[in-house]
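This report concerns only the one structure given below.
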Protein chains: 2
Amino acid sequence: MSKKQIIMEKALELFAKQGFESTSIQQITDYCGISKGAFYLSFKSKDQLIIALIDHFMEEFISDIDHLVKTSNDDALLYTFYHTILQSFRKHSDFGKLLIKEQTHTLNDELLEKLHYYNNEMDKIILYLIERQYGEEIKHTKYDLMYCIKSFTGMYSELFLFNSVPLDLDLNLLSQSLVEKTSILATHTTITFISEEIVQLSKLQTKKEIKKEEIIHLLEQKIEDIKDAITKESLILLKQHILERNLSPAIVTGLIKNLQNHPDCKWISYLLRGACHLS
Amino acid sequence: MSKKQIIMEKALELFAKQGFESTSIQQITDYCGISKGAFYLSFKSKDQLIIALIDHFMEEFISDIDHLVKTSNDDALLYTFYHTILQSFRKHSDFGKLLIKEQTHTLNDELLEKLHYYNNEMDKIILYLIERQYGEEIKHTKYDLMYCIKSFTGMYSELFLFNSVPLDLDLNLLSQSLVEKTSILATHTTITFISEEIVQLSKLQTKKEIKKEEIIHLLEQKIEDIKDAITKESLILLKQHILERNLSPAIVTGLIKNLQNHPDCKWISYLLRGACHLS
DNA sequence: TATAATAATGACTAACCAGTCAATTGTCAA
DNA sequence: TTGACAATTGACTGGTTAGTCATTATTATA
């Protein structure tokens with residue numbers, strides 16, 4: 001494991017326990033058994049460390065949920081959605097705590113923009129899920145349903161993240177319970193409160209869009225890092241396609257599928273699906 | 001306005017904007033136009049300031065909601081509940097921000113215990129509301145409904161507290177929308193997830209119970225402060241009753257009603273209602 | 001007006017922190 | 001073994017912080 005990874009792992013533990021601001025670099029480096037100077041060989045600043053943590057976990061989280069929502073069969077869709085989110089929060093409980101603590105607390109502009117961006121991507125996925133599950137019938141209340149789904153995952157995550165008593169909750173039952181609630185609300189809600197307009201206004205905060213150049217840059221990095229021949233060639237071909245749009249949709253879809261299995265290519269494959277207008 | 005009140009008001013503004021930890025005493029005193037030393041004439045420490053703020057607003061909030069839930073007529077109960085909470089969050093938006101920011105973030109044990117205590121009181125009120133509104137029919141899913149109600153108020157409060165675009169939301173419509181959702185869930189939910197046991201385990205964290213001596217102490221303080229004759233005599237009689245249990249329920253109820261109108265006696269009247277086993 | 005009591009000040013202390021960099025240690029090829 | 005290069009260290013800098021306290025200003029009283 002690289003020094004960078006060790007620092008991230010140990011720092012996450014401390015951040016979850018004490019919060020970001022209340023944890024000093026000295027504490028982190030002591031906990032890692034390295035010197036203070038060594039920290040700055042891996043990270044430019046303390047802020048860059050938390051950004052790296054947020055990126056690392058959110059990229060995995062978003063691409064996993066997106067992939068699952070787009071491939072799961074209709075019957076299991078909602079259940080799988082909730083179950084995956086809850087399981088992820090349980091597995092990475094330290095990150096969950098960090099995320100909830102820093103969500104409203106941060107003053108760092110770059111981090112704030114990142115959090116808005118990921119939040120926005122999550123909204124998109126939930127909306128896609130709602131449209132797929134309930135179609136046209138629900139169009140008047142779909143944004144309200146989106147907020148309800150977000151409320152549910154938020155509240156119940158806090159329940160087992162911030163409980164000093166370690167509740168060994170039955171995520172299977174919890175997921176079923178949330179599926180039921182969601183379906184009930186989808187079927188019976190008549191009053192629209194969250195309008196298209198409110199959603200648009202909230203989104204104004206998210207200026208950041210992933211640019212073509214950023215995708216190219218990420219691709220080039222991955223092309224250097226990845227050893228596996230098929231994955232590497234897929235990356236090279238996709239980079240060319242982004243620049244020249246020279247491949248047919250079927251080929252592009254296939255190439256992206258090649259990336260999906262490689263654990264280090266989840267995020268780039270998520271971005272490429274967006275950039276190539278595929279789902 | 002006393003110096004203490006000025007400090008609390010100005011500090012709240014800064015805390016809402018920058019967070020508690022990122023706001024220095026110097027900043028607060030500069031903003032108040034007083035010296036740093038003067039701060040310590042009003043508050044023993046920085047921590048005591050945030051505790052005073054949390055107490056001040058939560059006491060008002062809890063006693064208002066409780067009073068309303070116990071006096072509102074059945075038809076309007078749920079609507080009034082949501083509307084009051086949302087209006088309160090809008091009116092005291094700075095406090096709302098502070099509360100949400102510090103809820104998960106604090107390391108101060110005294111404050112943590114307070115937050116647990118108020119959270120627990122709020123749970124009690126919501127449960128009372130659910131039992132009054134839906135009675136026995138819902139006993140299997142009442143705790144789940146409680147969590148849903150908390151999710152709704154939480155999510156929608158964040159919506160208008162942390163939106164950089166000032167959304168002038170129609171709280172009337174929003175309350176109606178939440179009432180509808182709550183009723184739908186109450187009527188149709190079949191799966192129980194939050195069991196009595198889970199609620200009890202979560203409550204274990206809240207060791208703190210308001211003790212008889214604390215109520216007596218608070219009563220004595222109020223007796224000194226309050227000028228109004230009727231209010232003052234009511235306080236004196238109630239103090240005697242707490243010590244000697246010498247008054248009939250009707251008299252006690254009446255005396256507590258006397259306190260309800262006095263703005264400085266909301267909290268003591270809430271505590272007395274609990275201590276005298278009245279609702 | 002004089003005196004006592006109270007309120008307010010702000011320079012000061014001791015502790016902490018992010019980030020730097022000259023000096024030291026470790027590595028590896030010649 | 002040597003020397004060149006890279007990795008690592010931790011004392012140090014410049015800055016901030018909560019809280020204190022001797023001094024000063026203000027007010028009330030006689």
Side-chain angles (χ1 to χ4, degrees), chain A residues 1-55 98 101-102 105-114 224-225, chain B residues 1-56 98 101-102 105-112 114 224-225:
Chain A
M1 195 161 38
S2 76
K3 188 139 293 172
K4 202 164 172 166
Q5 280 175 299
I6 294 170
I7 294 173
M8 282 171 75
E9 203 172 274
K10 296 292 187 184
L12 181 58
E13 255 185 79
L14 295 172
F15 289 164
K17 223 181 292 168
Q18 314 173 333
F20 175 70
E21 282 194 276
S22 307
T23 305
S24 68
I25 303 286
Q26 191 69 64
Q27 252 183 300
I28 296 169
T29 51
D30 285 353
Y31 196 38
C32 291
I34 59 172
S35 71
K36 203 171 167 194
F39 173 88
Y40 289 91
L41 298 174
S42 297
F43 294 96
K44 243 184 72 232
S45 70
K46 197 186 172 192
D47 281 346
Q48 289 305 309
L49 166 59
I50 194 174
I51 286 171
L53 279 168
I54 299 275
D55 274 342
L98 174 67
K101 284 184 177 184
E102 296 311 313
H105 208 274
T106 186
L107 290 171
N108 178 323
D109 279 347
E110 188 182 350
L111 181 53
L112 213 64
E113 212 169 79
K114 291 242 175 214
E224 278 202 25
D225 294 348
Chain B
M1 195 159 41
S2 75
K3 189 139 292 170
K4 201 163 173 168
Q5 280 176 299
I6 294 170
I7 294 173
M8 282 171 75
E9 203 173 273
K10 296 292 186 184
L12 181 58
E13 254 186 80
L14 294 172
F15 290 163
K17 223 181 292 167
Q18 314 171 332
F20 175 69
E21 283 195 274
S22 307
T23 305
S24 68
I25 304 284
Q26 191 69 64
Q27 249 183 302
I28 296 168
T29 52
D30 285 355
Y31 196 37
C32 293
I34 60 172
S35 71
K36 204 172 166 193
F39 173 89
Y40 288 92
L41 297 174
S42 297
F43 295 95
K44 241 185 74 232
S45 69
K46 198 186 172 192
D47 280 348
Q48 288 305 309
L49 166 60
I50 194 174
I51 286 172
L53 279 168
I54 300 274
D55 273 342
H56 177 260
L98 174 66
K101 282 185 178 182
E102 295 310 314
H105 207 274
T106 185
L107 289 171
N108 178 324
D109 278 347
E110 188 183 349
L111 181 53
L112 213 65
K114 291 242 176 216
E224 279 202 24
D225 294 349

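Heavy-atom basis, side chains included; hydrogens, waters and symmetry copies ignored. All chains are named by letter (A, B, ...) in the order of the sequence lines, taking the proteins before the strands, and each is independently numbered beginning at 1. The shown structure was predicted, so the numbers you read here are calculated from the model rather than taken from an experiment.
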Base-contact (B) and sugar-phosphate-only (S) positions in nucleotides 23-28 of chain D, heavy-atom cut-off under 4.0 Å, - elsewhere: ------
Separation of A:Ser45 OG from A:Tyr40 OH (nearest 0.5 Å): 7.5 Å
Listed nucleotide nearest any side-chain atom of B:Leu41, set D:dT9, C:dA8, C:dG19: C:dA8
Length of the NZ-C1' vector between B:Lys36 and D:dT20, whole Å: 9 Å
DNA chain C-proximal residues of residues 11-35 of chain A, any heavy atom under 4.0 Å: A:Thr23, A:Ser24, A:Ile25
B:Lys46 to B:Phe20, cation-pi by 6.0 Å centre distance and 45° axis angle: yes
Sugar-phosphate, base or nothing in reach of B:Lys3, heavy atoms under 4.0 Å: sugar-phosphate
Gap separating the CZ atom of A:Phe39 from the OG1 atom of A:Thr29, nearest 0.5 angstrom: 8.5 Å
Over 12 non-hydrogen atoms of neighbours within 6.0 angstrom of CD in A:Gln26: yes
Donor-acceptor pair under 3.5 Å, B:Lys46 side chain vs D:dG19 base: no
Whole-Å gap separating C1' (C:dA7) and CZ (B:Phe39): 17 Å
For B:Gln18 against B:Gln27, the heavy-atom pair lying closest together: NE2-NE2, 2.9 Å
Parallel, tilted or perpendicular: rings of B:His105 and A:His105 (30°, 60°): parallel
Expected output: side-chain A:Gln5 to main-chain A:Ser2 donor-acceptor under 3.5 Å: yes
For atom CG of B:Leu49 and atom C1' of D:dA18, their distance in whole Å: 13 Å
Expected output: side-chain B:Lys114 to main-chain B:Ile54 donor-acceptor under 3.5 Å: no
Length of the CD-P vector between A:Gln48 and C:dA18, whole Å: 15 Å
Atom-to-atom span, NZ of A:Lys44 to P of C:dG19 - whole angstrom: 10 Å
Heavy-atom pair with the smallest gap, counting every atom of A:Gly19 and A:Lys101: N-NZ, 4.1 Å
